[in-house]
Amino acid sequence: MPKHSTQADTVIVLDFETTGLSPDMGDRAIEIGAVLIEQGEITASFQELMNPGMKVSAFIEDYTGITNTMLRDAAPCEDVMERFSDFIAGHNLVAHNASFDKRFLDAEFARMSCAYSGDFACSLLAARRIFQNAPNHQLGTLVKYTNIPSVGSFHRALYDAEMTAKLWMAMLENIGERYGLFDLSFSLIQKLSKVPKKSVHAFLEKC
DNA sequence: TGCCAGGCCCTCTTTAGGGCCTT
């Protein structure tokens, strides 16, 4: 879908579980989870395990709870990513530490000559500016810090995507209440995420 | 043989180093 047709009032929040940290070093995706936010509510979701064609390490099995046995019968990455491409078509994208998920999305899509039209925003960069007093900016810490109810398992793709989506909405609400901004655009949060921390207040005052 | 990420961001900075965050 051409870039100019990206829907401005919706966003997809996504999270990858992977075999490691770097697609450039041969790491692959093993699970994708995502939710669609429309008008402040989660209205759709996507979750699939995928077979990376290699064994995952004991560390990854322990870290994610995703075992080699679970992946043995999963669909190949290419099949899952083709379905995921349809799910995200036309939407802007959000992830916690988006540079990580963007690298894997780009790498998996590059293997199948697939592209996407949306822009990325990073909930980690935004949270570092909006919640400057949080103990740290790991997803789990921010979920507790913002009193988001949490009853699932972190480090599974759909749950992390859901928690990131709720964090994203909490950040929009926080800015809205503090600065009287109730028509926050995706691009404004992108710009906020590049503002020096000490200039965040002045930036939002001008909006 | 041994090693292996990358981007952001702060500071004791910019001719650099190291912590944070993601799996």
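Sequence lines set the chain letters: A, B, ... in the order given, protein chains first and strands last, and positions in each chain run from 1. Here the structure is a predicted model, which is why all the values come from computation and not from measurement.
- Within the 4.0 angstrom heavy-atom criterion, no nucleotide atom of any strand lies near T19(A).
- Nucleotide dC9(B) holds its C1' atom 15 Å from the CG atom of N136(A), rounded to whole Å.
- Following rounding to the nearest Å, R103(A) (CZ) and dC4(B) (P) show an atom-to-atom distance of 17 Å.
- Atom CG in L167(A) sits about 13 Å away from atom P in dC21(B), given to the nearest Å.
- Nearest to the side-chain atoms of R128(A) among the listed nucleotides dC10(B), dT23(B), dC21(B) stands dC21(B).
- Note on S123(A): nothing from the nucleic acid sits closer than 4.0 angstrom, heavy atoms only.
- When each of V195(A) and F100(A) is assigned the nucleotide of DNA chain B bearing its nearest heavy atom, the one mapping closer to the 5' terminus is V195(A).
- Of all the heavy atoms in L21(A) and F104(A), the pair that sits closest is O-CE1, 3.8 Å.
- In this structure, M25(A) places its CE atom 13 Å from P of dC3(B), rounding to the nearest Å.
- Side-chain atoms of H91(A) and T10(A) form a donor-acceptor pair, as typed in the model, at a separation below 3.5 Å.
- Nucleotides dT1(B) and dA16(B), compared at atom P, are 34 Å apart to the nearest Å.
- Nucleic acid contact class of L124(A) (heavy atoms, under 4.0 Å, all strands): sugar-phosphate only.
- Of the C1' atoms belonging to dT14(B) and dC10(B), the separation is 13 Å, rounded to the nearest Å.
- Atom CG of D15(A) and atom C1' of dC21(B) are 12 Å apart (whole Å).
- I30(A) comes within contact range of no nucleotide atom at all, as no heavy-atom separation falls under 4.0 Å.
- The side chain of H137(A) contributes an N or O atom lying less than 4.0 Å from OP1 or OP2 of dC21(B).
- Between the CZ atom of F16(A) and the P atom of dT22(B) there is a distance of 16 Å, given to the nearest Å.
- For Y159(A) and D15(A), the side-chain atoms include no donor-acceptor pair closer than 3.5 Å.
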Stepwise side-chain hydrogen bond (donor to acceptor under 3.5 Å, both in side chains) test for N136(A) and T141(A): CA-CA 7 Å; N136(A) 60 58; T141(A) 301; 2.8 Å; yes
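- Spacing between dC3(B) and dT15(B) at atom C1', rounded to whole Å, works out to 27 Å.
- Across the protein-nucleic acid pair, K198(A) atom NZ and dT11(B) atom C1' stand 11 Å apart, rounded to whole Å.
- Between N97(A) atom CG and dC9(B) atom C1' there is a gap of 13 Å when expressed in whole angstrom units.
- Residue F59(A) is classed as a base contact, given a heavy-atom separation below 4.0 Å to a base.
- Rounded to the nearest Å, the gap between the P atom of dC12(B) and that of dC20(B) is 16 Å.
- With 3.5 Å as the limit, one finds no donor-acceptor pair spanning the side chains of R72(A) and N68(A).
- To the nearest 0.5 Å, atoms OG1 (T18(A)) and CZ (F100(A)) are separated by 3.5 Å.
- Within 4.0 Å (heavy atoms only), D62(A) reaches no atom of the nucleic acid at all.
- Using a 4.0 Å cut-off, some side-chain N or O of H155(A) falls inside it from OP1 or OP2 of dT23(B).
- The gap from the C1' atom of dG17(B) to that of dT13(B) amounts to 9 Å, rounded to the nearest Å.
- Note on D101(A): nothing from the nucleic acid sits closer than 4.0 angstrom, heavy atoms only.
- Taking atom C1' in both dT23(B) and dG6(B), one finds a spacing of 13 Å when rounded to whole Å.
- Take the nearest nucleotide of DNA chain B for Q138(A) and for D24(A): the residue whose nucleotide is more 5' is D24(A).
- Across all strands shown, D27(A) has no heavy atoms under 4.0 Å from either base or sugar-phosphate atoms.
- For R129(A), the side-chain atoms get nearest to dC8(B) when compared with the rest of dC8(B), dA5(B), dC21(B).
- Here the side chains of L204(A) and I175(A) are in contact, with some heavy-atom distance below 4.5 Å.
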